[in-house]
Protein chains: 2
Amino acid sequence: MTELTSPLSQINNKPLREQVLDALREAIVQGDLKPGQTLIEADLAAQLGISRAPIREALQILNSEGLLETVPYRGTTVRRLSRQDIEELYSLRSVLESFAIRRIIARRNPDDVEVLREHFRAMLDRAEAGDLKTLNEIDRGFHDTLIRLSDHQLLQSIWNAVALRVRQVMALLNERNTDLKQIAYNHLPIIEAIAAWDEPRALQLIEQHIAATGELIAEGWVDPEPGDGA
Amino acid sequence: MTELTSPLSQINNKPLREQVLDALREAIVQGDLKPGQTLIEADLAAQLGISRAPIREALQILNSEGLLETVPYRGTTVRRLSRQDIEELYSLRSVLESFAIRRIIARRNPDDVEVLREHFRAMLDRAEAGDLKTLNEIDRGFHDTLIRLSDHQLLQSIWNAVALRVRQVMALLNERNTDLKQIAYNHLPIIEAIAAWDEPRALQLIEQHIAATGELIAEGWVDPEPGDGA
DNA sequence: TCACGGTCGATTGTCGACAGTCTACCGATT
DNA sequence: AATCGGTAGACTGTCGACAATCGACCGTGA
C-alpha cells in the first residue's frame, strides 16, 4: 500500500485524550456545558466509561485554551463570560480580522476574492431559505476564510481560540438576531472593498461590522451570577 | 488567621504538574531545550524523581501553548522555528502592541506615561552600565507594560504566549545586538508620542520599531535542519 | 537485489489504587 | 451566640503497572 491515509477516516487510533478533548470543547462552545458549571473528573470518567487520566489531560488543555478554569485541589469549572469578556473578545477579533484583510489586500490575488464571493452567495442562499443554523455556520466560515486566506499560521492558531469563544457566546445568546438577509448582505461591501483593493475602506467596514455585532451582544448581556451554572 | 496569602510565598502546595510546567517552559524559552529536541516522558520523570503523570499533563499544556509539538504515539519535540515563524511572530506582535497603544492613548491617563518613562530611565541606566542581560529584561518589561496598561485580559493572555516565543527567539540568537544604548533610546520617541497622545505617530513608531527588529532577526536566521536538535 | 512480513525494543496511552488537600459540618469552649 | 479545633467526605493529585502503538531490524522468498 502506498498512501491512502485520508479515506476510511483513519480507522480509530485517536487517543482518548483527544476524543474527550473534542467532545468537551464542543459541549462548551455549544452551550451544553454552562458557564460556572463544575466538572468532576470521576463523573466524566464514569459517564464515558474510561479512566480519569485522559480526562485530566483534556481538562488541562481546555484550561490553557481559556474555556475552563482550574484551581489546584479545588476543581475545574466552565469559564464564566462577563460583559467585559464579550467586549474584549469582539475588540480583539476586530484587530485580528483587520490584520488578515491587510495581508489579503497586500497580496492582491484575485482568487481570494472569488473564494469570498462564493461564501457570500452561499450565505445569501441560506438566508433566503430561512435556514438560521446553516447561515450561522456559513457566517463563521466567511470569517474563518478571511483568516485562512491571510496565510499566517500564528494568526490562525490564535484565531482558532478566539473563534471558539465567539461560538460559545453565540450559543449562550437567548435573543436571536432574526434579520437574516441583513446579516448576509452586511458582508457584501466588505468583500467588494477587498475586491477593489481598497484597504482603508475594507478596514473601516470590517471594524464597524464587528464592533456593531459586539455592542449588540454586549448590550443585552447579563453578567452571570455566582452559582454553579446548572 | 485572616488572610495573608501573599507573603511567605504560599509554602509549597503547588502541584507537581505546575512546577514541571514552569521548569520546562523556562528551559525552552531560555534555549536550554533546543528546537527539534525530543522529550521522553520516562527520562524527565526519572530526572525529576517523580512519576510520568504530572509530566504528561505539563507536556500537553506546553503543546497547546505552541512550544512543543506532540504526535500521538510518537512523542513530543520542542517546536522548530523557521524563518517564516519569526516573521509571523513579529508581524503579529506589531499588531498586538499597536492595539495596546491605541487603547492606552484612548484612555489619556497621565499615570501611564509616567510608568513608561520610568521604564525608559531604568533601561538607559542598565545600558550605560553595559548590562546586557538586565537590559533585555527591562526591554521585555517595557513591552509587557504596554500590554498591561492597555487593560485587556484577553490581549494579555495572548501576549503572554507570544512573548514566550519572542524570548525563545532571543535566547537562540547567537548574534547579539551590541548597540545597547541605541536599543534603549529607540523607545524614547514611542513614549513621547504616547505622552503627546499622538496616536498615528505612536503607531507608526511602534510598528516600525518592531518590524525593524523582526527583519533584523529573520534576516540572519538559518532554518533548522532535520535532526533532533541536540 | 528488493519487496514483504514478522518480531522486538522503546515509548506513549490508559488504568486502578492510594495519597494529599479542601470544604462543610459538628461539638466543645468561652 | 460566636469562635475555635477537629473530623469526615468528596474530590483532586500522584504513583506504579500494564496495554497499545510505532519504527527499526532482520530474515525470507521471489
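Just so you know, these numbers use all the heavy atoms, side chains as well, and skip hydrogens, waters and symmetry mates. Chain letters run A, B, ... following the sequence lines, proteins first and then strands; every chain starts at 1.
Remark: P of D/dG13 and CD of B/E57 are 7 Å apart, rounded to the nearest angstrom. Atom CD of B/E41 and atom C1' of D/dC15 are 14 Å apart (whole Å). Look at CD on A/Q60: it is 10 Å from C1' on D/dT12, rounded to the nearest Å. Rounding to whole angstrom units, CD1 of residue B/I40 and P of D/dT21 are separated by 19 Å. If you measure from atom CZ of B/R17 to atom P of D/dC15, you get 13 Å, rounded to the nearest angstrom. Between the CD atom of A/E69 and the C1' atom of D/dT12 there is a distance of 17 Å, given to the nearest Å. Taking atom CG of residue B/L16 and atom P of nucleotide D/dT12, one finds them 17 Å apart after rounding to whole Å.
Across all strands shown, B/R56 has heavy atoms under 4.0 Å from base atoms, whether or not it also approaches the sugar-phosphate. At a threshold of 4.0 angstrom between heavy atoms, the contacts of B/I55 with the nucleic acid are absent. Across all strands, A/R52 comes closer than 4.0 Å to base atoms (heavy-atom distances).
At a cut-off of 3.5 angstrom, the base of C/dG13 holds no donor-acceptor pair with the side chain of B/R74.
Between B/L116 and B/H187, every side-chain heavy-atom pair lies at or beyond the 4.5 Å cut-off.
With DNA chain C read from its 5' end, the first of the two nearest nucleotides for A/P54 and A/Y73 is the one closest to A/P54.
Here C/dC15 is the nucleotide among D/dC15, C/dC15, C/dT12 with the atom lying nearest to any side-chain atom of A/S51. Distances were taken from every side-chain heavy atom of B/A53 (C-beta onward) to each of D/dG13, C/dC15, D/dC15; the shortest belongs to D/dC15.
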